[in-house]
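The structure appears below as structure tokens.
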2 protein chains.
Amino acid sequence: MDQNPPRSTSVTVADVARKAGVSKATAARVLGGYGTVSDPVRDAVTAAARALDYRPNELARSMTTGRSGTIGVVVGDIENPFFSLAMRGITDVARQAGFTVILINSGEDVAVEKAAIRTLLAKRVDGLIVSPAKESNVDHLQEAARSGRPLALLDRGSETLDVDTVIADDRHAAEGITRRLIALGHRRIAYITACDTPDHVFRVPSDVNTGSVRRRVEGFLGVCREAGLQGMEGWVRVGAITPDHTRGIVSAMLQSSERPTAIIASDSVIGLEVFKTSRAAGIAIPDELSLVSFHDADWTSVTSPPVTVVRQPVYRLGETAAKLLVERLNGYEASARRVVLQTELIERASVADAPA
Amino acid sequence: MDQNPPRSTSVTVADVARKAGVSKATAARVLGGYGTVSDPVRDAVTAAARALDYRPNELARSMTTGRSGTIGVVVGDIENPFFSLAMRGITDVARQAGFTVILINSGEDVAVEKAAIRTLLAKRVDGLIVSPAKESNVDHLQEAARSGRPLALLDRGSETLDVDTVIADDRHAAEGITRRLIALGHRRIAYITACDTPDHVFRVPSDVNTGSVRRRVEGFLGVCREAGLQGMEGWVRVGAITPDHTRGIVSAMLQSSERPTAIIASDSVIGLEVFKTSRAAGIAIPDELSLVSFHDADWTSVTSPPVTVVRQPVYRLGETAAKLLVERLNGYEASARRVVLQTELIERASVADAPA
DNA sequence: TTGAAAGCGTTACCAT
DNA sequence: ATGGTAACGCTTTCAA
């Protein structure tokens with residue numbers, strides 16, 4: 001029973017081999033679980049390994065095999081329930097497939113995203129899942145794709161990037177709620193998103209670089225146009241990047257003489273702030289203001305009134321992206337797949353006829 | 001302008017050295033940013049690196065330096081807003097300090113946690129941040145600590161583990177809200193937690209293995225005892241691990257003849273489900289039932305009535321754990337530090353006098 | 001300031 | 001079935 005303190009320098013296959021009285025190659029075979037070895041030798045090596053408390057060095061292993069068993073994930077903000085749920089989907093699939101996940105937060109900043117990709121590539125991740133901050137700026141992703149490591153896009157696609165992509169049917173969802181609101185008599189409908197433009201004002205959909213949001217805005221404007229509503233571009237508000245920003249935007253709107261009769265919130269964090277702000281301003285939902293939010297966050301059913309939402313299959317978004325990536329990692333070679341997951345409108349009580 | 005397709009095998013220092021007409025050692029020095037080199041040589045190497053689009057292989061670097069620039073994080077469930085917010089704190093600090101984060105979800109399962117630690121150690125993370133599923137079962141953490149890699153505990157401590165720990169003042173918080181409820185005349189006060197016991201029933205605090213929750217339960221029971229309330233152990237309910245489980249527990253309670261007049265929810269996910277279930281059962285909050293929840297999730301102020309919560313400095317919990325770890329990584333050697341962050345009771349409108 | 005060569009801990013190829 | 005040995009891409013003495 002030698003209980004000597006484990007020396008700081010870790011034990012290697014060579015140590016195990018020596019102790020078991022075999023060659024390094026043989027020890028490596030049983031430790032690594034490859035090649036063929038006789039039972040007695042296997043037992044001896046196993047015993048030696050246990051005695052020495054051998055721990056494989058995955059770094060060294062990756063060094064020679066070229067696979068790190070790691071996938072890199074870059075998301076906008078892990079604190080946002082949307083991403084944390086998608087992340088759960090990713091990690092579940094990854095773990096089951098034997099991969100480990102490196103998470104980097106881009107804060108929706110392209111420069112950070114760029115650096116993240118470099119870091120991840122330098123660490124030799126086997127593959128990448130990215131939710132690109134801006135669709136227009138994907139050179140670094142091109143580069144990643146070219147590096148030979150598979151890349152999957154999450155929630156936000158890119159026309160120019162021919163890689164596996166998993167998104168929700170955002171345009172369709174936006175069209176649906178816009179139609180519904182118009183049918184209820186709404187004409188002053190605001191769309192609020194966290195996406196920003198250089199001068200913080202929206203003019204045309206191409207101003208919005210986040211794929212999922214651009215598609216929604218296009219859907220929104222398209223239906224408005226089709227219904228004869230002109231100049232609705234003015235009702236699209238960008239830059240709701242924090243609750244404070246959102247509050248500023250919403251209260252300004254609510255105080256103006258031509259205030260909106262309906263608001264579409266691009267995510268649940270914004271939806272919540274719209275709810276808070278209008279309540280604080282004494283404006284009643286849904287009598288004076290209708291509210292629809294993307295993402296059926298768990299609390300949306302519990303407010304008074306409960307809020308009408310677009311349910312997105314968020315967990316499955318992450319899960320699917322990870323699955324596609326793992327397939328690539330296992331050698332799948334066919335051309336890029338684009339998966340569009342369906343959303344569902346959950347009608348609750350935050351939407352009503354436009355006030356007279 | 002050679003635009004030849006980048007060959008699949010990556011370019012190494014040797015390639016750069018050759019192109020720059022210097023030795024591998026010299027090239028490595030400028031590429032790695034260490035040692036001393038003359039300006040002309042530096043420029044030549046830099047130019048060659050750019051021309052070849054050289055990317056350092058961090059794996060190889062880690063191999064020789066022994067540092068991977070990575071910290072491993074094991075949490076119960078990244079989908080829970082508590083952990084996703086703490087995670088944000090961790091990643092922010094890590095990134096700023098030049099570390100990358102590997103995230104593993106334990107699902108509060110000790111076996112998974114154990115495997116996670118092994119994996120992380122095998123990947124040679126420089127340090128670990130763990131939110132241990134069970135305080136009583138920390139052999140694998142002992143082991144991690146002994147491996148020489150620093151370990152920091154998040155939200156849940158361990159008496160037997162002498163490592164840096166960051167927790168909230170859970171006991172104190174629980175005592176505060178319990179006193180308040182008792183002062184309002186409540187006698188049937190339930191405490192509901194996700195933590196489970198083998199037979200799903202609670203008898204004594206030591207049944208609860210999750211540090212933070214055990215401390216809260218101790219605080220709760222202590223104040224009850226001190227106020228002359230006996231047998232309150234029967235009001236502690238464990239196993240609210242999913243919304244469905246929670247609903248089952250709550251609705252059973254609400255239907256019993258001796259139903260609680262107040263409920264303390266151990267996290268916001270449970271708090272939300274209590275809210276939903278009691279509403280569905282037609283039981284009015286706070287007139288017929290008072291509710292206090294741990295974690296001031298963003299939605300808690302927006303329900304009707306808004307819910308009284310214990311505000312925990314969640315982001316700072318993660319941030320602080322990461323800071324302590326990074327200090328260790330930078331050579332800090334003194335004995336283990338235990339940081340206790342203060343909570344705050346946010347009184348809103350879900351708590352009232354006990355019904356007559 | 002620069003270069004040659006020895007590791008780091010694996011895997012993998014080629015003999016035996 | 002087993003052993004010897006050359007990679008993998010980098011850092012790091014030690015000399016020159």
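Only a predicted model underlies this, so the values are computations on that prediction, with no experimental measurement involved. Chain letters run A, B, ... following the sequence lines, proteins first, then strands; residues in each count from 1. For the numbers below, each heavy atom of this structure counts, side chains included, while hydrogens, waters and symmetry mates do not.
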Taking the side chain of [X] as its heavy atoms from C-beta onward, which of [options] lies nearest to it?
{"X": "A:Thr64", "options": "C:dT2, D:dG9, C:dG9", "value": "C:dG9"}
{"X": "B:Thr26", "options": "C:dG9, C:dG3, D:dT11", "value": "C:dG3"}
{"X": "A:Ser10", "options": "D:dT12, C:dT11, C:dG9", "value": "C:dG9"}

B:Tyr54 side chain near D:dC10 phosphate (N/O to OP1/OP2, under 4.0 Å): yes
Does A:Ser38 have a side-chain nitrogen or oxygen under 4.0 Å from the phosphate oxygens OP1 or OP2 of D:dT2? yes
Which sits closer to the 5' end of DNA chain C, A:Ala60 or B:Thr36, going by the nucleotide each is nearest to? B:Thr36
By nearest-heavy-atom nucleotide on DNA chain C, the more 5' of B:Asp39 and B:Met63 is B:Asp39
5' precedence on DNA chain D between A:Lys24 and B:Thr65 (nearest-nucleotide basis): A:Lys24
Under 3.5 Å, is there an N or O donor on one side and an acceptor on the other linking the side chain of B:Arg29 and the base of C:dG3? yes
Does A:Arg55 make a side-chain donor-acceptor contact with the base of C:dG9, cut-off 3.5 Å? no
To the nearest angstrom, how far is [X] atom [atom1] from [N] atom [atom2]?
{"X": "A:Asn57", "N": "C:dG9", "atom1": "CG", "atom2": "C1'", "result": "6 Å"}
{"X": "A:Glu58", "N": "C:dC8", "atom1": "CD", "atom2": "C1'", "result": "15 Å"}
{"X": "B:Arg124", "N": "C:dG9", "atom1": "CZ", "atom2": "P", "result": "8 Å"}
{"X": "A:Leu52", "N": "C:dG9", "atom1": "CG", "atom2": "C1'", "result": "15 Å"}
{"X": "A:Tyr34", "N": "D:dA1", "atom1": "OH", "atom2": "C1'", "result": "14 Å"}
{"X": "A:Asp43", "N": "D:dT2", "atom1": "CG", "atom2": "P", "result": "11 Å"}
{"X": "B:Arg67", "N": "C:dC8", "atom1": "CZ", "atom2": "C1'", "result": "16 Å"}
{"X": "B:Lys123", "N": "C:dG9", "atom1": "NZ", "atom2": "C1'", "result": "15 Å"}

Ignoring hydrogens and angles, tell me if any N or O in the side chain of [X] forms a donor-acceptor pair with the backbone of [Y] under 3.5 Å.
{"X": "A:Thr26", "Y": "A:Lys24", "result": "no"}
{"X": "A:Arg67", "Y": "A:Leu329", "result": "yes"}
{"X": "A:Thr165", "Y": "A:Val163", "result": "yes"}

Could you go step by step and tell me if A:Asp155 and A:Ser131 meet the side chain to side chain donor-acceptor pair (under 3.5 Å) rule? CA-CA 6 Å; A:Asp155 184 50; A:Ser131 192; 4.7 Å; no
Under the salt bridge (charged side-chain N to carboxylate O under 4.0 Å, His left out) criterion, do A:Asp92 and A:Arg88 qualify, and how do the steps go? CA-CA 6 Å; A:Asp92 283 356; A:Arg88 180 64 205 255; 3.0 Å; yes
